[in-house]
Amino acid sequence: MSDFAERWGLGPEKYWLYGRLPEQKVRFDEATGVYEVTGYPEVLAVLNDSESYTADSTRLFDVDEEQAKLIKGDMAQMNGPEHIHMRRQVGRAFSPKAMEDLEVRITKLAGELIDRLAGRQRFDLLGDFIDDLSGILFSELLGTPPEQRHMFKAVDQTMDSDVQMSTVGQGGEEYFDALLGPLLPLRDFLSEIIDERRKEPKQDLLSLMVEFKYLDGSPMAHDEIINFAVAVLGAGHLTSPILIGNTMLCLDSFPDEAAMVRTDRALVPPMFEEVMRYFTPATTSYRATEADVELGGVKIPKGRMISLQLGAANRDPRQFPRADVFDVTRAPNQHVGYGRGSHYCIGAAMARVETRIIFNILLDHFPNLRVDPDIAPVFFGSPEFTGVRSLAVRTD
């Protein structure tokens, strides 16, 4: 069961990929001061209980004024009625009608971009195709110039940081510095466009955000709108590239499953759900306790940090029979790759539409598409993600 992880050079810190799950599903890590939760029912209990566990984990740290300015308005840090209210407002951009329109746009754009690859026997799946496609789509969604989509690469840099979340010493401050520092050029870029949208609104997400109101009717401050936009990018811009890249590694490792998908395209959607479970891209989510709680038989005091190990939970045999087997026909498949509860990924529908269309178009144009055996994939360096940032493929 460790063959997959070893083949792609994934380190032992991704222990769930080696079929090694801790017996104790909730344990305290003295080195980081964080409670680590690895079991599926325990992770699910936290995700579904926003009263006992808050997503606003920054409250546990001595965040200075400058750092606070870079965080407030981030929907991922919101909790309770305010969070629900904000989700409803931004949810208009991900409505069923919006997804129908998006499907048409993705099909057209993917067809245009893939034509550039005609006749090539080797290319970088992300760098030569999917990154551009995703960048243009998010540019159009937000309302930023597509030719400046390279600005989104700032998000990539945050996913390359190897700084680990810690409540010991200055660990939290170092973590947020590493996370927020690379985003400053992107923030300046978005700030200028938001100013333009205030003067001249358009049919895009940034124009919609300018009109956002809190529950008390007050508008979002300028910095808060920037933070909101950055959070949307962080949650969605890389989802499809990473998921498709991870999918290629899975199919290359399990040729029988790959043959089934190529024969029956109806298996493409469940295939992606299985990749989200088996090779989860975003492997960690954080919460802070709002009260004294007991989880998995462990008592956790109020005001402590909890690390939800989504990748490990998705390999829990108590929830998934044959949890270490990659099975594109797995049903049911209630993975937590997109989270759960009030913070369920708001862009999940977009990711599902995007990945399904892109993958089918890839197979239509390149029936023999496979991972290039001569060039190793390059992974993001963050301990909180498991995903490729560069993947060489062959078409012959």
Side-chain angles (χ1 to χ4, degrees), residues 4 7-9 101-141 144-153 155-156 236-269 271-272 274-275 279 281 326 328 350-380 387-396:
F4 177 83
R7 177 181 180 183
W8 302 117
D101 295 342
L102 179 69
E103 187 159 350
V104 174
R105 177 58 180 145
I106 294 173
T107 302
K108 182 176 184 297
L109 181 60
E112 293 171 356
L113 294 178
I114 207 166
D115 285 343
R116 303 182 311 184
L117 302 173
R120 292 182 59 175
Q121 294 185 342
R122 172 182 286 171
F123 60 90
D124 187 318
L125 182 61
L126 278 69
D128 292 330
F129 177 53
I130 302 177
D131 282 350
D132 279 340
L133 177 55
S134 184
I136 293 172
L137 288 173
F138 266 85
S139 295
E140 294 176 350
L141 174 70
T144 60
E147 62 272 15
Q148 291 183 275
R149 61 187 178 274
H150 62 276
M151 296 300 299
F152 299 164
K153 290 295 180 182
V155 177
D156 300 24
H237 165 52
L238 288 174
T239 300
S240 294
I242 291 176
L243 184 53
I244 293 175
N246 283 9
T247 297
M248 288 301 302
L249 298 185
C250 289
L251 295 182
D252 209 68
S253 298
F254 305 105
D256 290 344
E257 301 298 301
M260 290 173 60
V261 173
R262 292 176 192 275
T263 301
D264 181 5
R265 296 289 186 85
L267 290 174
V268 168
M271 170 195 71
F272 279 118
E274 179 66 345
V275 175
F279 198 15
F326 181 72
V328 297
M350 180 176 178
R352 287 180 170 119
V353 169
E354 193 176 348
T355 51
R356 170 175 54 81
I357 295 173
I358 293 172
F359 192 78
N360 276 312
I361 287 176
L362 279 167
L363 290 189
D364 288 342
H365 283 74
F366 306 114
N368 299 316
L369 188 70
R370 59 192 173 90
V371 176
D372 191 328
D374 299 326
I375 304 175
V378 178
F379 291 88
F380 284 102
V388 292
R389 66 174 304 164
S390 177
L391 181 65
V393 293
R394 295 193 65 93
T395 62
D396 52 2

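Everything quoted here is computed from the prediction, not taken from an experiment. The first residue in the sequence is number 1, and the count goes up from there.
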Does any part of the side chain of Ser253, heavy atoms only, come nearer than 4.5 Å to the side chain of Arg7, both counted from C-beta?
yes

Taking every non-hydrogen atom, the tightest pair across Asp131 and Pro241:
OD1-CB, 3.6 Å

Heavy-atom pair with the smallest gap, counting every atom of Gly245 and Leu391
O-CD2, 3.6 Å

So how far is it from Thr107 OG1 to Ile358 CD1, rounded to the nearest 0.5 Å?
9.5 Å

Where Pro145 and Ser139 come nearest, the two heavy atoms and their spacing
O-OG, 4.0 Å

The reported gap from CG in Asp256 to CE in Met260 (rounded to nearest 0.5 angstrom) is 9.0 Å

At their closest point, which heavy atom of Leu251 faces which heavy atom of Ala258, and how far apart are they?
O-CB, 3.6 Å

Does Ser134 reach the main-chain N or O of His237 with its side chain, forming a donor-acceptor pair under 3.5 Å?
yes

Do Arg262 side-chain atoms and Pro367 backbone N/O form a donor-acceptor pair below 3.5 Å?
yes

Less than 4.0 Å between a side-chain N and a carboxylate O, is that true for Arg122 and Asp128?
no

For a 4.5 angstrom cut-off between non-hydrogen side-chain atoms, does Phe359 reach Met248?
yes

Could you check if a side-chain atom of Asn246 sits within less than 4.5 angstrom of a side-chain atom of Pro281, using non-hydrogen atoms only?
yes

Are Val155 and Leu238 close enough that some pair of their side-chain heavy atoms sits under 4.5 Å apart?
yes

Of all heavy-atom pairs linking Met350 and Phe138, the shortest is CE-CE1, 3.7 Å

Looking at Phe366 versus Phe129, is the centre-to-centre ring distance below 6.0 Å?
no

So do Ile242 and Val388 actually touch side chain to side chain, heavy atoms under 4.5 Å?
no

Of Asp252, Thr395, Asp396, which meets side chain to side chain donor-acceptor pair (under 3.5 Å) against Arg370?
Asp396

Run the numbers on Leu369 and Arg394 for side-chain contact (heavy atoms from CB on, under 4.5 Å), then give the verdict.
CA-CA 6 Å; Leu369 188 70; Arg394 295 193 65 93; over 6 Å; no

What distance do Arg105 atom CZ and Glu354 atom CD have between them, rounded to the nearest 0.5 Å?
12.0 Å

Calculate, to the nearest 0.5 Å, the distance between atoms CD1 and CZ belonging to Ile361 and Arg356 respectively.
10.0 Å

Between CD1 of Ile106 and CG of Leu113, what distance do you get to the nearest 0.5 Å?
11.5 Å

Less than 4.5 Å apart, any side-chain heavy atom of Trp8 and any of Pro377?
yes

Could you grab the distance from atom CZ of Phe272 to atom CG of Leu267, nearest 0.5 Å is fine?
12.0 Å

Please examine the side chains of Met151 and Thr144, heavy atoms only from C-beta on, and report whether any two atoms are closer than 4.5 Å.
no

Run the ring-centre check on Phe4 versus Phe279 and record whether the distance is less than 6.0 Å.
yes

Check whether any side-chain heavy atom of Arg120 lies under 4.5 Å from a side-chain heavy atom of Val393, and answer yes or no.
no

Can you name the closest pair of heavy atoms from Ile244 and Thr355 and give their distance?
CG1-CG2, 4.0 Å

